[in-house]
Amino acid sequence: MEVTLLEQGLELMLIGMGAVFVFLTTLVGGTSLMSWLVQRFTPGADSSGEVADEEIAAIGAAIAQHRRK
Amino acid sequence: MEVTLLEQGLELMLIGMGAVFVFLTTLVGGTSLMSWLVQRFTPGADSSGEVADEEIAAIGAAIAQHRRK
Amino acid sequence: MEVTLLEQGLELMLIGMGAVFVFLTTLVGGTSLMSWLVQRFTPGADSSGEVADEEIAAIGAAIAQHRRK
Amino acid sequence: MDLILQIWHGSGLYQLTFGQALMIGVGLLLLYLAIVKKFEPLLLVTIGFGGILANIPGVEIATGNGLLHLTYVVGIESGAFPLIIFMGVGAMTDFGPLLANPKTLFLGAAAQFGIFATLLGALGLTALGWMDFSIREAAAIGIIGGADGPTAIYVAGKLAPNLLGAIAVAAYSYMALVPLIQPPIMRALTSPEERRIEMVQLRDVSRRERILFPLLLLLLVALLLPTAAPLLGMLCFGNLMRECGVVDRLSFTTQNALINIVTIFLGLSVGSKLAAEQFLVPSTLGIMLLGIVAFAIGTASGVLMGKLMNRLSSNPINPLIGAAGVSAVPMASRVANKVGLEANPQNYLLMHAMGPNVAGVIGSAVAAGIMIMFTS
Amino acid sequence: MDLILQIWHGSGLYQLTFGQALMIGVGLLLLYLAIVKKFEPLLLVTIGFGGILANIPGVEIATGNGLLHLTYVVGIESGAFPLIIFMGVGAMTDFGPLLANPKTLFLGAAAQFGIFATLLGALGLTALGWMDFSIREAAAIGIIGGADGPTAIYVAGKLAPNLLGAIAVAAYSYMALVPLIQPPIMRALTSPEERRIEMVQLRDVSRRERILFPLLLLLLVALLLPTAAPLLGMLCFGNLMRECGVVDRLSFTTQNALINIVTIFLGLSVGSKLAAEQFLVPSTLGIMLLGIVAFAIGTASGVLMGKLMNRLSSNPINPLIGAAGVSAVPMASRVANKVGLEANPQNYLLMHAMGPNVAGVIGSAVAAGIMIMFTS
Amino acid sequence: MDLILQIWHGSGLYQLTFGQALMIGVGLLLLYLAIVKKFEPLLLVTIGFGGILANIPGVEIATGNGLLHLTYVVGIESGAFPLIIFMGVGAMTDFGPLLANPKTLFLGAAAQFGIFATLLGALGLTALGWMDFSIREAAAIGIIGGADGPTAIYVAGKLAPNLLGAIAVAAYSYMALVPLIQPPIMRALTSPEERRIEMVQLRDVSRRERILFPLLLLLLVALLLPTAAPLLGMLCFGNLMRECGVVDRLSFTTQNALINIVTIFLGLSVGSKLAAEQFLVPSTLGIMLLGIVAFAIGTASGVLMGKLMNRLSSNPINPLIGAAGVSAVPMASRVANKVGLEANPQNYLLMHAMGPNVAGVIGSAVAAGIMIMFTS
Ligand code: NA
Ligand code: NA
Ligand code: NA
């Protein structure tokens, strides 16, 4: 068989980089679509306010846990 | 053999519920007896005060642990 | 064979205690040498100040971790 | 070109069966219930995700030498994970309300009727020829009625490993649905007057009683029902660590790092049993059906026992707290509290319901011990 | 006297080979880099110490029934440790910057060219007769270019366990050296004007998008590349626990106790493969050489892709963030930020670089999946 | 009726032997000592409870495929648990006092005489025909005199697994009883003047010395006594994590979640070896007897060495701190401090005793390495 190891490697490189790009391109598309759908069907900003709430909840939980102990 | 699966199940149900009740009844008795003995032979209330102490100790330990670290 | 178990044990005791002392003596020597070298080639005291810093850093890290959570 | 064909043949899209697609949907549904509806999230997130992983064709994670198969063998088949979870539950459980009012143990006993009725139901379906459950399988299915996840997984792992996925999913799903399943039954079986009953405040329980209780329970189990001793022994051990006051650092780790780590791998491992070819079989439908019947009967018998005890007892007992006897700690107690508040806005049943609630954990472990003793 | 002779013959001094002494030196060097230079200390401290233990003659800890050999078999050969680390990485990763600018995924894709170029390089050295790597070994060596420790260990464990020690040491050493390796390449390939480019501030990303992203990624992997599903599945699971907000206690344990415990044993186990007779072979030299080439090519292709995208895109893109596409989170982002600040003191690239940085983790896991699919 | 008979025959009451009842009593006694007397609670709670579980007839938890048997095989037979505990001990140990006064290592050496004297005692009892211990068993029994639980378990697991339960119980019980065993011996061997001696305040120890010490110790062990390297290697690794300052998160987990989890399962596993038929044998009595002799001799030789060093040294040395050389950290140091305060209310020996105390840990690990080398 004349297919050398090097040729095999070359093919794997081409296909491999191709597959990486195809996969990540699909992911770019999927992510963009998902974000677009979420933003379209969610009224108002829900990110910034929530974080502060979570933080307060975390501290509250820590205190509660301490008390329970 | 004429004992069907269903009869076997029925027997298991009766014995099983019986055993659950016997066990938990014994536990009711044992618990009541234990509580009665403890209350009889322990002078004074030892529950409420201790909890607060423990909590303080826990906080103290946490601070100490922090310092040690 | 005339070497009894007891003689074997006696030999093990002598050699064993000897080995413990040889090892720990070497460790005393090594530690003293190491400390001498460190103190000779390190200018200034680096212990006391650092501990306080570390403690502050630990508390800071704990707070930061809390916030991140 | 061969390589591109190899990618395509190796891809999930090419290999995906309809059943796998369906089960990925089921996994997503469990995640939805957990995240959006907040139903039993610790278990439904992990089981749901494990279920999705198990249904990706061509991925070796739930089979062979895959991580989830290994954790399944090491943790579930050996019974280790449910036992460690029980230790953690013990370390997190306050038996105070139970000790203040030990009679509530009877409510925890009564609610186990759901277990045995379901066992009979499973055998009945077999007698009718609709299903084909052996007595061991029927016993494992019955335990769903115990409303206690680790007990159900422990028993299924011992008696019917082939049904473990369906049983675990049924147990946790219905535990998640307790706020929907129980209230109608509770309202149907009680009069508004009964629901309005206020109970006497619970006495303080001393530290000494709290320390002695797990030892007492352990010794009783040891003497009377050794097959329940692994489960209840670990529960007692966890509780002793909690209450004895001298090993707080062990108790803390048991309630946090240890139970969390085991929960993650238990959930993923159970999820790995949701592979389509194992899960999409007729018996799963039977198990889901029998499971909800078990919950309903357990709830009903707890409430009826509550009514009976209310008549016989000198102190008033609100029958609603009987429903908490099924376990599902602490959800069932919250449900009893909520239904009680509807009838009487001054009526806080939460602490009173915690007694039968933790009694239900003991009761179903006892029932599990009996099942294991008689069928293995 | 026999006993004293026995002590002497049992002692390390008597049995020590030159190779072992050399490897103990290498272990000490890794500790020095970790402790004094603060390079990747979590891994270099544990690997370095494990390496010293593995080279003490006569000690049974890295071989036979020794602890480190057992953890190696249980945790590395089975793939469990890298997968659990990936779960922890998922729980610690904020995909927000990536979601705010998904196009940065292309940078993460481009930087994987280092992986495949190195594969080819390894086969080239074999063709030249200088080394003797099979295609599986070459693939495992290439993954070093992914700049992602657990991925490299996972792939090496599957494709070339005999090279695992050298591959892991190369991967972590070069990750540690990222602040030295990358800047010259980044400066050589960009003009000062390009390095000065400021980027548009990232938009806020909603919680809903953050929850859906790991599920989307999981489904794509499931459908397109199942061999990457164990790694990316665990990453997605960890991230879902982090973002879903209902299992915070599991997420917390995953990010702390669990990942720390696994890191300790992963590091020691990997170190146990640094035994002189396994490590001091010509192929190690080849692997170390190929590894740095892989990092350099990965950095370069990331930067070049950044230049290309900057020309094609409507919003300006600073090509320096392309270098972060190799992974090495978060070090590579910090390097991009630092080199950017040199050229323009107002230019804070850190958050912009985090997008390609985490994209690089995904990209190298995808490349790993492809390697496993084609060579096993 | 058959079923009721089956319950009765399956019950513990029916199957319980006298030995098992006795051992359950022993387990309760250990719990009493731990909880009420606060003696070594971390180990006595877990061992005591495991001992009770192991003596419940008909329960499969300490045997067969039971959880505790599995943890015993995985954790004790393999040596993994004691090694991980040693890593945790290393991460919790401050070698500062030892570094400030390295000569106290001699006290830690002298106190190991208890180990070897007990070895001889065990062989003597065999020569007298009262017991029947092999040299390996005698060596394992001797290690009780090291007053170090994990070392004793590690050595027993290697040299005499059949005696492990008795050896571990003896080691931990006597460690718990150190405040009762040591003071009379200390007072008998010292004059009031000696007990009053105040020592020079310890110098500050730099961070660099603290980092280099575990590496120095590791290298010495590697070169001189590799059979001690697993134990001391893990101790050094834990200590290096503690002191190096760059892996604080690993050190924190090692000192908390990891050591706690392992302690729980180590204790339960050791307890599972307290099954009546294994424990209630004549050799157990011999081991308990030899163990207390070992503690007494170790204490005495430490104190006598202290007297000798006080005469030879330029700085005064209080011989009481020699008693801390047996290990039992930090209890033995507290005892030295307390006896010192009795004689001189200004005499705070605590920090001075910590030097020989941690030296005792190293010393008994060295003795363990010698035992393993010569008898296996
Ligand atoms: Na129940
Ligand atoms: Na990468
Ligand atoms: Na000692």
Side-chain angles (χ1 to χ4, degrees), chain D residues 2-3 6-16 20-21 24 27-28 31-32 34-46 48-50 52-62 65-71 74 253 255-265 267-268 271, chain E residues 74-75 77-84 86-88 91 154 157-158 207-208 211-212 214-215 218-234 236-238 240-241 243-254 256-262 369-370 372-374 376:
Chain D
D2 272 10
L3 286 188
Q6 199 178 336
I7 291 193
W8 169 239
H9 286 169
S11 78
L13 261 178
Y14 177 83
Q15 299 179 53
L16 196 73
Q20 288 170 326
I24 289 178
L28 290 173
L31 292 178
Y32 172 83
I35 297 172
V36 180
K37 297 289 174 188
K38 301 194 169 31
F39 285 167
E40 289 280 333
L42 297 182
L43 270 299
L44 293 193
V45 165
T46 48
F49 205 95
I52 296 175
L53 285 178
N55 284 287
I56 301 177
V59 55
E60 204 182 79
I61 189 163
N65 288 317
L67 176 60
L68 300 191
H69 183 67
L70 294 180
T71 56
V74 168
T253 293
Q255 292 179 46
N256 290 279
L258 182 53
I259 198 172
N260 289 344
I261 292 171
V262 173
T263 299
I264 290 170
F265 291 111
L268 290 176
Chain E
V74 168
E77 278 189 0
S78 74
F81 286 172
L83 290 178
I84 296 171
F86 242 59
M87 177 167 75
Y154 184 80
K158 282 217 175 299
R207 205 179 134 223
R208 206 164 287 192
I211 295 175
L212 289 173
L215 293 172
L218 174 70
L219 290 183
L220 278 184
V221 170
L223 295 182
L224 299 181
L225 193 62
T227 45
L231 277 172
L232 285 175
M234 293 308 275
C236 291
F237 178 59
L240 182 67
M241 288 199 287
E243 300 293 357
C244 73
V246 292
V247 294
D248 284 348
R249 57 179 293 159
L250 301 186
S251 172
F252 182 79
T253 294
T254 305
N256 290 279
L258 182 53
I259 198 172
N260 289 345
I261 292 171
V262 173
I370 291 165
I372 293 170
M373 176 185 287
F374 284 124
S376 62

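Keep in mind the model is a prediction, meaning the values are calculated, not measured. Values below: every heavy atom of this structure, side chains too, minus hydrogens, waters and symmetry copies. The sequence lines fix the lettering, A, B, ..., with proteins before strands; numbering per chain opens at 1.
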Next item on the list: Determine the minimum heavy-atom distance between E:Arg249 and D:Gln255, stating which atoms define it.
Entry: NH2-O, 2.5 Å
Note to self: Could you report the tightest heavy-atom contact between E:Thr253 and D:Ala257, atom names first, then the distance?
What the structure shows: CG2-O, 3.8 Å
Item checked: Validation row: E:Phe237, D:Ile52 side chains within 4.5 angstrom (heavy atoms) -> no
Next item on the list: Answer with side chain, backbone, both or neither: which region of D:Leu31 has an atom nearer than 4.5 Å to a non-hydrogen atom of chain E?
Entry: side chain
Checklist line | Interface moiety of D:Ile261 toward chain E, non-hydrogen atoms closer than 4.5 Å | finding: both
Check: Relative to chain E, which segment of D:Thr71 carries a heavy atom at a distance below 4.5 Å: side chain, backbone, both, or neither?
Finding: neither
Notebook entry, point to check: Between D:Leu42 and chain E, which part of the residue has a heavy atom less than 4.5 Å away: side chain, backbone, both or neither?
Noted result: both
Next item on the list: Could you look at E:Ile370 and say if it's the side chain, the backbone, both or neither that has a heavy atom under 4.5 Å from chain D?
Entry: neither
Note to self: Only pairs of heavy atoms separated by less than 4.5 Å count here; which of D:Gly66, D:Pro57, D:Pro41 has the most with chain E?
What the structure shows: D:Pro41
Margin query: Can you tell me which portion of D:Leu53 sits under 4.5 Å from chain E's heavy atoms? Options are side chain, backbone, both or neither.
Written below: side chain
Next item on the list: State, with a plain yes or no, whether a side-chain heavy atom of D:Ile264 is found less than 4.5 Å away from one of E:Met241.
Entry: yes
Next item on the list: Please step through side chain to side chain contact (heavy atoms under 4.5 Å, CB included) for the pair E:Val221 and D:Ile56, ending with a clear verdict.
Entry: CA-CA 9 Å; E:Val221 170; D:Ile56 301 177; over 6 Å; no
Notebook entry, point to check: Checking D:Ala34 against chain E: side chain, backbone, both or neither under 4.5 Å from a heavy atom?
Noted result: backbone
Note to self: How long is the straight-line distance from CG of E:Leu215 back to OH of D:Tyr32, given to the nearest 0.5 Å?
What the structure shows: 14.0 Å
Item checked: D:Ile35 vs E:Leu240 side-chain heavy atoms within contact, under 4.5 Å -> yes
Note to self: Side chains of D:Ile24 and E:Leu219, heavy atoms from C-beta outward: is any pair under 4.5 Å?
What the structure shows: yes
